[in-house]
Amino acid sequence: MGNYLHCGLRNDLNARKTGYNMNTSKSALSYVPNNPSSPWQVYLQQVDRVAPHLGHLQRWVETLKRCKRILAVDIPINRDDGTVAHYEGFRAQHNLSRGPGKGGVRFHPDVTIDEVMALSAWMTVKNAALNLPYGGAKGGIRVDPKTLTRPELERLTRRYTSEIGLIIGPDKDIPAPDVNTNDQIMAWMMDTYSMNVGATATGVVTGKPIALGGSLGRKEATGRGVYIAARETARAMKMDITGSRVVVQGFGNVGGIGARLFRDAGATIVGLQDASGSIGNEAGIDVDAALAHVAAGGKLTEFKGASMISENDFWALKSDIFVPAALENQITAERAEKLSTRLVVEGANGPTTPQADDILHDRGIQVVPDVIANAGGVTVSYFEWVQDFSSFFWTESEINDRLERIMVEALKAVVHTAEKNKVSLRTAAFIIACTRVLAARELRGLYP
Ligand code: GLU
């Protein structure tokens with residue numbers, strides 16, 4: 001089966017769950033989905049928008065429309081009750097032209113091949129847009145981690161790591177946290193990989209605990225990057241963050257920390273949403289109290305410092321800045337018509353459909369795309385990887401200063417490219433990134 005190790009998938013039986021249908025799609029690595037809102041389909045449309053701007057490198061554009069390598073693995077584990085359960089996991093390496101693969105691993109019941117392919121491709125673009133020396137990769141397991149005990153979660157993580165051990169490594173492909181994965185999961189991944197190779201390999205994953213070679217500031221980095229992206233863009237729009245009204249969708253590592261930084265800068269958080277529902281408070285939500293409430297196991301919707309509001313009302317909340325920091329496909333065409341904001345800063349990967357992008361553009365709402373806005377996480381992952389290799393660790397202020405510099409420079413370049421080519425910030429980020437990726441592709445040439 002060559003590079004496409006597709007174990008345990010059965011045609012249409014699993015097609016609905018995996019997003020991959022062997023009957024309608026002859027190709028696995030470059031398949032074109034029927035479903036227009038599939039994340040991979042969204043990504044392909046974004047590539048089509050950048051293609052006319054690639055000059056002579058357009059000849060290589062097909063490289064971007066496929067994954068280099070996708071590994072699908074069966075993950076059997078012993079449940080605590082003595083039964084055996086099987087889960088399905090993936091690791092997709094979209095492009096390795098500029099360096100080893102880099103990208104997170106998510107544990108979520110909706111993980112599909114289609115989604116992992118798109119997420120790996122967005123990592124290629126993100127890493128190149130920030131000029132990090134990486135290709136793009138992403139992994140995931142289709143599981144609801146809340147249904148597992150801690151020992152079961154550890155066994156699942158270790159077996160998955162062992163299965164994808166064929167293609168990961170400090171100089172091959174470096175996983176990191178994403179949706180529902182954290183520093184403890186990274187510690188188990190690092191340990192499993194290290195046991196298998198017979199040496200402690202801290203650089204195989206990033207987002208590790210500090211005690212295992214993790215980096216100061218990594219946990220906060222994605223939220224911090226979102227805030228920096230918002231602050232810089234707001235400044236260019238002559239909008240002040242102090243006194244601005246902010247709505248955040250997602251209250252995890254990205255949305256929660258992002259909300260706190262906006263609040264610290266003098267913004268008022270008027271709406272929040274997570275999987276439990278939405279809340280709003282015109283006078284401002286006390287973010288620290290809401291974070292403490294959720295950390296103690298409470299539902300966001302039961303937080304006393306705000307009122308529960310309907311899904312409909314959440315999308316219509318009046319704000320200056322809207323931060324989608326949950327999952328893909330959240331800003332649909334219909335919601336884009338409803339949004340009452342001036343600036344959208346994408347904390348999540350792929351939250352806006354291309355149709356919604358056009359509507360926001362026509363309505364004069366600026367969008368800072370995911371591949372820039374949420375790149376703070378992978379940027380500090382890069383710092384972590386460099387620190388692990390050199391066994392020399394930086395202070396938190398060194399990390400934050402370097403993050404600030406890289407984000408601000410990348411944003412400046414994107415704004416400049418957007419103005420020069422009269423395109424959106426997303427297409428501009430894709431122009432910069434895809435030019436870097438395809439220039440590397442061309443220089444390397446084809447083997448043999
Ligand atoms: N999962 C994060 C992202 O989507 C971080 C990836 C990394 O640090 O490698 O960018």
Side-chain angles (χ1 to χ4, degrees), residues 39 43 90-96 98-108 111 115-141 164 168-183 185-186 189-190 202-209 213-226 228-229 250 252-255 257-258 324-328 345-351 368-388 399 403 406-407 410 429 433:
Y43 164 76
F90 309 99
R91 184 75 187 170
Q93 295 173 344
H94 172 256
N95 188 282
L96 305 179
R98 302 179 65 256
K102 185 89 193 80
V105 169
R106 68 172 55 177
F107 291 177
H108 195 279
V111 164
E115 182 193 48
V116 172
M117 286 169 72
L119 291 166
S120 70
W122 283 322
M123 287 310 304
T124 300
V125 177
K126 192 187 304 185
N127 292 332
L130 272 286
N131 213 2
L132 308 178
Y134 292 131
K138 198 82 171 204
I141 304 178
I164 65 164
I168 62 168
D171 54 3
K172 286 161 97 177
D173 179 3
I174 305 111
D178 198 76
V179 175
N180 292 334
T181 53
N182 58 20
D183 56 348
I185 305 269
M186 294 306 116
M189 289 188 77
M190 183 279 246
T202 52
V204 67
V205 289
T206 57
K208 298 179 294 293
S215 178
L216 295 168
R218 173 62 185 85
K219 207 177 246 164
E220 298 77 23
T222 312
R224 185 174 294 281
V226 167
I228 296 170
N253 190 47
V254 183
I257 288 166
L327 295 167
E328 304 90 61
V345 186
E346 296 185 336
N349 291 307
V368 188
D370 47 6
V371 292
I372 293 289
N374 71 34
V378 70
T379 301
V380 177
S381 274
Y382 165 56
F383 299 161
E384 178 173 333
W385 183 73
V386 168
Q387 291 171 84
D388 287 340
I399 307 264
L403 170 64
I406 290 184
M407 291 280 309

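Just so it is clear, the model here is predicted, and its values are computed rather than measured. Each ligand, and each atom within it, is numbered from 1 in the order the structure gives.
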| Does some side-chain heavy atom of Arg218 sit less than 4.5 Å from a side-chain heavy atom of Ser381? | yes
| Checking side chain to side chain contact (heavy atoms under 4.5 Å, CB included) for the pair Val378/Thr222: CA distance, chi angles, key distance, verdict? | CA-CA 8 Å; Val378 70; Thr222 312; over 6 Å; no
| note | Test side chain to side chain contact (heavy atoms under 4.5 Å, CB included), reference Lys102, set Thr206, Asp173, Leu132, output is Thr206
| query | Do the side chains of Asp178 and Asn349 get nearer than 4.5 Å, heavy atoms only? | reply | yes
Give a table of atom pairs where an N or O of ligand 1 lies under 3.5 Å from a protein N or O.
unit_1, atom_1, unit_2, atom_2, d
ligand 1, 1 (N), Pro177, O, 2.9
ligand 1, 1 (N), Asp178, OD1, 2.7
ligand 1, 4 (O), Lys126, NZ, 3.1
ligand 1, 4 (O), Lys138, NZ, 3.0
ligand 1, 4 (O), Asp178, OD1, 3.4
ligand 1, 4 (O), Asn349, ND2, 3.0
ligand 1, 8 (O), Arg218, NH2, 3.1
ligand 1, 8 (O), Ser381, OG, 2.5
ligand 1, 9 (O), Lys102, NZ, 2.8
ligand 1, 10 (O), Lys126, NZ, 2.6

| query | Are Thr181 and Arg106 close enough that a side-chain donor and a side-chain acceptor fall under 3.5 Å? | reply | no
| remark: Minimal heavy-atom distance between Gly376 and Ala221, with the atoms involved, is O-CB, 3.4 Å
